[in-house]
Structures are given as C-alpha cells and as structure tokens.
Number of protein chains: 2
Amino acid sequence: MPRWNTDTRPRLVQAAVDLFTAQGYEATSVTEIAEAAGLTKPTFFRHFRDKREVLFAGQEQHAQIIADTVADAGADTTVLEAAACAVQTLAERFTEDRRDFNVRLAQVVAEAPDLQERAIYKRAALADALRDALAARGFGPARAGIAADLSIRAFYEAYSDWLTSTGEASMGELVTRNLTAARTGLNDLA
Amino acid sequence: MPRWNTDTRPRLVQAAVDLFTAQGYEATSVTEIAEAAGLTKPTFFRHFRDKREVLFAGQEQHAQIIADTVADAGADTTVLEAAACAVQTLAERFTEDRRDFNVRLAQVVAEAPDLQERAIYKRAALADALRDALAARGFGPARAGIAADLSIRAFYEAYSDWLTSTGEASMGELVTRNLTAARTGLNDLA
DNA sequence: GTCTATACAATGATAGAC
DNA sequence: GTCTATCATTGTATAGAC
C-alpha cells in the first residue's frame, strides 16, 4: 500500500454514500461520484470492481477475521462455540461510532435490488468462510454447514437489531442474544 | 398469456445456453442471443430483466412450490418435516430428462462471477420463502430460520450430487440422503 | 505505482410505429 | 407483443503524465 493518496478510497466511499443518500443509487452515476471526490471515472473502477462494490468497502477483511478466529479457538471448543466465537469477534468491528454510517448504508441498499443482491452475496461469502474454517478444524461437513448457517443468521439478525435499536445495546450484546435464541430454537427443533 | 409466440421465451433460453456453451457467457452479447432466436435485443429485455436472468428461467415457480407445500402439510408435522416435505416436492421437478440441461447450465454459471451471484440470490430467495412459510404456520422465527437453512442446504448439496453423479440416483433420493445426513449432523451438534 | 484522457463495446431503458 | 431507433450509463482498454 502506498503512503500517498491513501485516502482516495475513503473519499470515493464518502462521496458515493453522500450522493446515493441525496439523490438515490440509480440516479447517481459513477462519473458523478468520481468528480465529487475530485477524481475521474477510470480511477473509480481501479479501486472498485463495479458501482455496487463501493458500498461494501471495509468488509474485505470480514471473511479473514472469521477464518482466523476459528483457527485460533481453543482445542476443546465445540462446533457451535467456535462458530459463535467467530461472529462475536466480527461484532467487535461494529462500534457505536459506525452505527450512523451503517444505518445510511442500509437505507441505500434497501432501495436498490442490485445492492441487495450484492449484500446477499457478501453474506453467503461469510457463511462459506465460516463453514470452511470449521471444516478445516475437523468438524464434519454437515455439522460445519449447519453451525455456519445458524451463526451467520444470528449475526445478521443482530445487525438488523443494531441498526433499528437506539443504541442501548452494543453489537456484541445483540449477537449474544441472537445466538442464545438460535440455540433455544435448535433445542426445540427435535 | 397469449397462445401465439408462446415459445418465444424457450427459444431465447435455448439460444442463450447454446451460445454461452459455445463461446462463453461474457463473449456473448444479448444482441447475438436475440438474433439467434430470430428476435431483437429489446424483445429479449421484455422477457428477461437482464442478461443473467435468462439462465434461471423455469425457476420462477420454485418459491411458490415451497410455500404451497408447507401450507398444505398435515397439521401435526414438525418444522423439520414440513421443511423436508417442501424440498422433496421441489425435487420432483428435477427429472432425469432435465439433467443434461442442468449440467450445461452449471458449467456456464461456473465460469461467470455475475451468474454465481445471481445463483446465490436465487438460493437465498428460496430459503426466505421456506422460512416465511414455516413462520406462517406458527413455528417461531428461530426454528423456522434454522430449519429453512438446513433444508435448503441439503437441497443444494443434493443438486450438486445430482449433477456430478451419472444418473444412478434420482434427485428425490439424493435430497432424502442429504436431509438424513443433515439430521445426523444436527444431533451431533449438541 | 497512481491518476488522467480518450475511445469503445455492451447493458438496459425509453418512445413510438406496426 | 414485437420492431426500429435512440440514448445514458456501465465497465474496459490504451495511451501517457506525474
């Protein structure tokens, strides 16, 4: 990573979110975003694969965080414990000062089907990363898949709660609550 | 639906899959597809929202099949039974004569990230439909979500098996096997 | 190695005629 | 319901400047 111009990406992200919020996602062109950041269209596409990707900047490391956490978990942890640990660690990145930004982001995503599709893809990528990490620890594919789905689901429900709540609970607490609810549902299953 | 030109969509689908298989997805333009079917580009877009959607024609009713099956299940069925019933009913649409087409389709999807994203979106839509249908029957949200994820996962693993196997097992049988494996994994979870 | 300038193919939308 | 026609935008490629 070069030291100069290291704020190019954040500037593009900020310009994009501002414009999307003000005029809507589809009504905003990539050229507009680039010029609002004092750059040009080709530069935008050098930093982001496509127009959608700019709204998911900062999530690049999420899969790695999950993989690392599972790999570093104690030797005697169960599948569910390892999976829970992974999403708990991920939750730490969702600090209170990032809540407003995430709320605005969710509002933009809600209005554009293209963005919802990308968001679902990101969720699936996280579930895959978690499942693979669990499988790499020796848990069977069926168990790994189920534990991954269950934990990622709890995480996203917590994320939704976090966005709609008024800040009385941290993301970590909400993840814990939703994981508990999931385990209860699991027991009621059979 | 008009009686004339009722084969327009199938013709477009066939032309698309043929061209994608021959030259690749990205190397084939919508104009090419339309002209190969004796039509024009705007006509293509009247039938399919975008270039990707043409490869998922025929899946429009899948969500409805799942919803209907769950709604029609016996009053004393458990969550897992209702969910299993739904994917089993869906499996009936994957008859042996459609296997070759699905194999070609999977090959095209495998080469284009855009298509994989759309495929994942379709899977998520099925999981949502199943979860909603289960919730509508009074099963709690946690149980409904887990049962939906688990059953859809088993379905897709069965689909993958169905494509790679050489026809000795039907899609229904493969779904049954994967559902059984999932239930075993579920018991090993706690 | 990062950005600009320019040109380009293709997607996807739109308006109007048959 | 399809066609012609036109259009803005996405996303890529090539050149070169700093």
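Protein chains get the first letters and strands the later ones, always in sequence-line order, with residue 1 at the start of each.
- B:Y159 and B:Y156 have perpendicular rings, their planes meeting at more than 60° on a 0 to 90° scale where under 30° would count as parallel.
- The B:R46 side chain lies nearest to D:dT2 when the options are D:dT4, D:dT2, D:dT9.
- As rounded to whole Å, 14 Å separates atom P of C:dT2 from atom CG of A:L12.
- Each side chain to side chain donor-acceptor pair (under 3.5 Å) pair with one or both residues in residues 108-118 of chain B, not counting sequence neighbours, appears once here: A:E117-B:R118, A:R118-B:E117, B:D50-B:R118, B:E53-B:R118.
- Not one side-chain nitrogen or oxygen of A:H47 sits closer than 4.0 Å to the OP1 or OP2 atom of C:dT2.
- A sub-4.0 Å separation between OP1 or OP2 of D:dG1 and a side-chain N or O of B:T8 is absent.
- Put simply, CD on A:E26 is 14 Å from C1' on C:dT11, counting in whole angstrom units.
- For D:dC3, one of the phosphate oxygens OP1 or OP2 lies less than 4.0 angstrom from a side-chain nitrogen or oxygen of B:T40.
- Between the P atom of D:dA8 and the CD1 atom of A:I33 lies a distance of 19 Å, rounded to the nearest Å.
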Would you be so kind as to tabulate the donor-acceptor pairs closer than 3.5 Å made by side chains of residues 37-45 of chain A, with sequence neighbours excluded?
residue, atom, partner, partner atom, Å
A:T40, OG1, A:T43, OG1, 3.3

Sort me out a list of protein N/O and nucleotides 12-18 of chain C N/O pairs below 3.5 Å, or just none if empty.
residue, atom, partner, partner atom, Å
C:dG12, OP2, B:K51, N, 2.9
C:dG12, N7, B:K41, NZ, 3.0
C:dG12, O6, B:K41, NZ, 2.7

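- The distance between atom CZ of A:F44 and atom C1' of D:dT12, rounded to the nearest whole Å, is 14 Å.
- Taking side-chain N and O atoms only, B:T43 has a distance below 4.0 Å to OP1 or OP2 of D:dC3.
- Between A:S29 and D:dA8, a side-chain N or O to OP1/OP2 separation shorter than 4.0 Å is absent.
- At a threshold of 4.0 Å, the pair A:E60-A:R9 counts as salt-bridged, since one of the basic side-chain nitrogens sits closer than that to a carboxylate oxygen.
- One can place CG of A:D114 at 16 Å from P of D:dT9, the figure rounded to the nearest angstrom.
- Look at A:D18 and A:R104 and you find a salt bridge, because one of the NZ, NE, NH1 or NH2 atoms lies within 4.0 Å of a carboxylate O, short of that distance.
- B:R99 forms no cation-pi arrangement with B:F94, by the criterion of a distance under 6.0 Å to the ring centre and an angle within 45° of the ring axis.
- A side-chain donor from one of A:E168 and A:T166 sits under 3.5 Å from a side-chain acceptor of the other.
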